Amino acid sequence: MRVLGINAIFHDPAAAVVVDGRVVAAAEEERFSRRKHGKRPVPFAAWELPELSAAWCLRAAGIEPGELDAVAYSFDPGLCRDAAGLGLDDPSDHLRVDYARRAPQFLAAALPGLDPDRVRFVPHHVAHAASAGLSVAEDNAVLVLDGRGEVASHLAGAYSDGELEVFRTQELPHSLGLLYEDLTRHLGFLHSSDEYKVMALASYGRPAFLGLLRDLVRATGDGGFTVERIDWAALAKARPADGELTDAHADLAASVQARLEEVLLDLVRWTYEAAGGPATLTMAGGTALNCVANARIAAEGPFERVWVQPAAGDSGTALGAALAVTPEKVAPFGSAALGRGWSDDELEAELQRAALPYERPASIAATAAEVLAGNGIVAWYQGRSEYGPRALGHRSLLAHPGDPHTQRRMNDVKGREQFRPIAPMVRAERFAEIFEGVCPSPYMLFVHRVRPEWRERIPAVVHVDGTARVQTVHTETEPLVAEMLTEFERHTGLPVVVNTSLNTAGRPMVDTPREAMELFGSAPVDLLALGPFAVRRSRTFAS
């Protein structure tokens, strides 16, 4: 069966194609349109479809729109109720619902030849759940938490033989995702975009307001939770977007983060009991991108294994919707490298078109490692782009972890706030020597404690609280990255390399070769490793 999955209703529009239970392609619209998150999550934008990513996914699968057996849209307008009746202050929400109802006709216009009768509405949280629960081989409990879906903000259930049983949902307006979004806005960041900044900021504060938040945000003991109205200004003054971050702001972030973790643990334990004690918990929804909370769930929760969908945010519902309507047994999720890629010949043609001096070394991994060992910064562009918000060694900026100034340099290169941490990648077989926590961690969705004896050796990747968000690299799935790490260790004695996304602040990750060359030309990057080709700044911009 040939299924196109579509996410369009809130933010991070995306498309995915699943053929006979196998994921062929998946990509976010932002990588094509170059608009961060694709669009803002307002009702007036709900009509916008991921036209570019959908067209590319179909081309990648060799499928014409008229050949699709189904199109799965990750929102069901038939479940919706009046926003005011749900306690939401969103007077234009009816437009969102109306646009969703018209999605079959919009899709048919965007993809000529598509039969609108093939469009099937998949409830938003069912799509989230399927993206996680159907991506592992074993039966599992599944937990979804985000800002909102049609009428709820949460789903707890279990998958058995590919079938979902829903135990509990939490009706709006109670929402842990909206709670975090409100805090993000109060702290002067962009909501539905910058929540990860709040998570980073929390490590600099104390949970000074935790007692109050325990009264206002609490699990109800039956698998649900309550979020009461919080007077943020009474706890810390609202910060303008360009305002100073104070200790009170950090304390507020730390307090909300701590309470979020506590409530999540309550929900995880309830879900474990309701599901009959399975070994595996799968998670999705934007809240599942909170890697600090994920690490605590893994460490203190009852499950033996916690698996988080790499595209846990709304973009992942495109994949989940497609999986939810696929009748065949779904192949386990094997890689997030589901986006666009270019052949060596195509990459070389782009270099020649740009008239850039380049070389083709015997090993691009060894060349990159040598530059990194010399404290250079490498733009690493290899294979197909990643699906989801994490750079996983395909569209990455790499640097030396042993230089204590690397964090400042990298944040300067990217134009980011200096409190933002940068992450390490390490070969899986070396992980336990340096870090504590969840392993394998190939998708950078957990934080890990850095062992004390390593903190001074790799200071660039150690956050203020002594943790790091690690990507474990496995030779069988990422041989080129593993080779680069091996070569870097040969030069430096360090088995870790800094890995952050190949972009600058406010822009989506680089996706095309031309975008990679543009970043190389505009930022102080020493080497562009474009497939097997090396472009050196010293030769490109020699005076």
Side-chain angles (χ1 to χ4, degrees), residues 22-26 60 135 137 307 310 331-348 358-373 376-388 390-401 423-435 438-445 458 461 469-502 509-511 513 516 527-535:
R22 182 175 64 89
V23 183
V24 176
S135 289
W307 191 90
F333 193 93
S335 171
L338 296 167
R340 286 187 288 183
W342 279 259
S343 69
D344 291 352
D345 288 344
E346 289 170 328
L347 293 175
E348 187 166 24
Y358 67 91
E359 60 188 272
R360 185 169 186 163
S363 167
I364 191 63
T367 297
E370 184 177 11
V371 172
L372 291 168
I377 296 175
V378 173
W380 181 259
Y381 183 101
Q382 304 293 332
R384 295 176 66 175
S385 60
E386 299 94 338
Y387 181 47
R390 304 283 189 254
L392 302 170
H394 292 246
R395 305 289 186 269
S396 293
L397 275 172
L398 309 177
H400 197 307
M425 52 168 50
V426 63
R427 295 197 324 275
E429 60 268 26
R430 301 299 303 279
F431 170 87
E433 176 186 344
I434 307 162
F435 304 101
V438 176
C439 185
S441 181
Y443 305 124
M444 297 176 71
L445 288 165
I458 53 172
V461 298
R469 189 183 69 203
V470 180
Q471 177 193 356
T472 56
V473 174
H474 304 260
T475 303
E476 61 273 19
T477 55
E478 297 289 349
L480 191 65
V481 180
E483 181 187 351
M484 179 271 297
L485 287 165
T486 299
E487 289 294 316
F488 181 74
E489 183 177 13
R490 186 174 65 81
H491 285 291
T492 65
L494 299 176
V496 171
V497 163
V498 170
N499 171 32
T500 187
S501 54
L502 188 58
M509 266 195 284
V510 159
D511 200 63
L527 179 76
L528 171 60
L530 192 76
F533 305 105
V535 184

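Remember, it's a predicted structure, so these values are computed and weren't measured experimentally.
Partners of Y387 by ring-ring contact (aromatic ring centres under 6.0 Å, His included), not counting sequence neighbours: none found. Under the ring-ring contact (aromatic ring centres under 6.0 Å, His included) criterion, W380 pairs with no residue, sequence neighbours left out. Applying the ring-ring contact (aromatic ring centres under 6.0 Å, His included) rule to H400 yields the partners F488; only residues at least two apart in sequence or on another chain are considered. In this structure, the salt bridge (charged side-chain N to carboxylate O under 4.0 Å, His left out) partners of R427, at least two apart in sequence or on a different chain, are E429, E489. In this structure F435 satisfies the ring-ring contact (aromatic ring centres under 6.0 Å, His included) test together with F431, sequence neighbours excluded.
Minimum interatomic distance between A368 and L527 (heavy atoms only, all atoms of both residues): CA-CD2, 3.7 Å. The two residues A379 and L502 make their nearest non-hydrogen contact at CB-CD1, 3.7 Å. Nearest heavy-atom pair, G339 versus R384, reported as atom, atom and distance to 0.1 Å: O-NE, 2.7 Å. The two residues M509 and A391 make their nearest non-hydrogen contact at SD-CB, 3.7 Å. Smallest separation of non-hydrogen atoms from V473 and A482: CG1-N, 3.8 Å. In terms of heavy atoms, A365 sits closest to E487 at O-CB, 4.5 Å.
The closest side-chain heavy-atom distance from I377 to L397 is below 4.5 Å. Looking at heavy atoms from C-beta onward, L494 lies in side-chain contact with P401 at the 4.5 angstrom threshold. The shortest distance between side-chain heavy atoms of P495 and I434 falls below 4.5 Å. Using a 4.5 Å cut-off on side-chain heavy atoms (C-beta onward), P442 and H474 make contact. Put simply, the side chain of V438 does not reach to within 4.5 Å of the side chain of L445, judged on heavy atoms.
Ring geometry for F333 versus Y443: interplanar angle over 60°, hence perpendicular rather than tilted (30 to 60°).
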Checklist entry - Does the side chain to side chain contact (heavy atoms under 4.5 Å, CB included) test come out yes or no for R390 and Q471, once each step is laid out? => result CA-CA 10 Å; R390 304 283 189 254; Q471 177 193 356; over 6 Å; no
Item to check | Full working for side chain to side chain contact (heavy atoms under 4.5 Å, CB included) between V535 and L530 | outcome: CA-CA 8 Å; V535 184; L530 192 76; 5.5 Å; no
Next on the checklist: Please evaluate residues I364 and L480 with respect to the criterion side chain to side chain contact (heavy atoms under 4.5 Å, CB included), reporting the C-alpha separation (whole Å), side-chain torsions for both, the decisive distance (0.1 Å), and the verdict.
Outcome noted: CA-CA 9 Å; I364 191 63; L480 191 65; 4.1 Å; yes
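For the pair Q382 (side chain) and G531 (backbone), a donor-acceptor distance under 3.5 Å is present. Judged by distance alone, the side chain of T472 and the main-chain N or O of S441 form a donor-acceptor pair under 3.5 Å.
Taken to the nearest 0.5 Å, the CG atom of D511 stands 4.0 Å off from the CZ atom of R340. Atom CZ of residue F533 and atom CG of residue L528 lie 11.5 Å apart, to the nearest 0.5 angstrom. Distance check: E370 CD to H491 NE2 gives 5.0 Å after rounding to the nearest 0.5 Å. A distance of 3.5 Å separates CD of E483 from OG of S363, quoted to the nearest 0.5 Å. A distance of 5.0 Å separates CE in M444 from CG in N499, rounded to the nearest 0.5 Å. With rounding to the nearest 0.5 Å, the separation of OG in S396 from CE in M484 is 8.0 Å.
Within the structure, the salt bridge (charged side-chain N to carboxylate O under 4.0 Å, His left out) test picks out no pair touching residues 391-401 (sequence neighbours left out).
In E348, the CD atom is crowded: over 12 heavy atoms of neighbouring residues, nucleotides or ligands sit closer than 6.0 Å.
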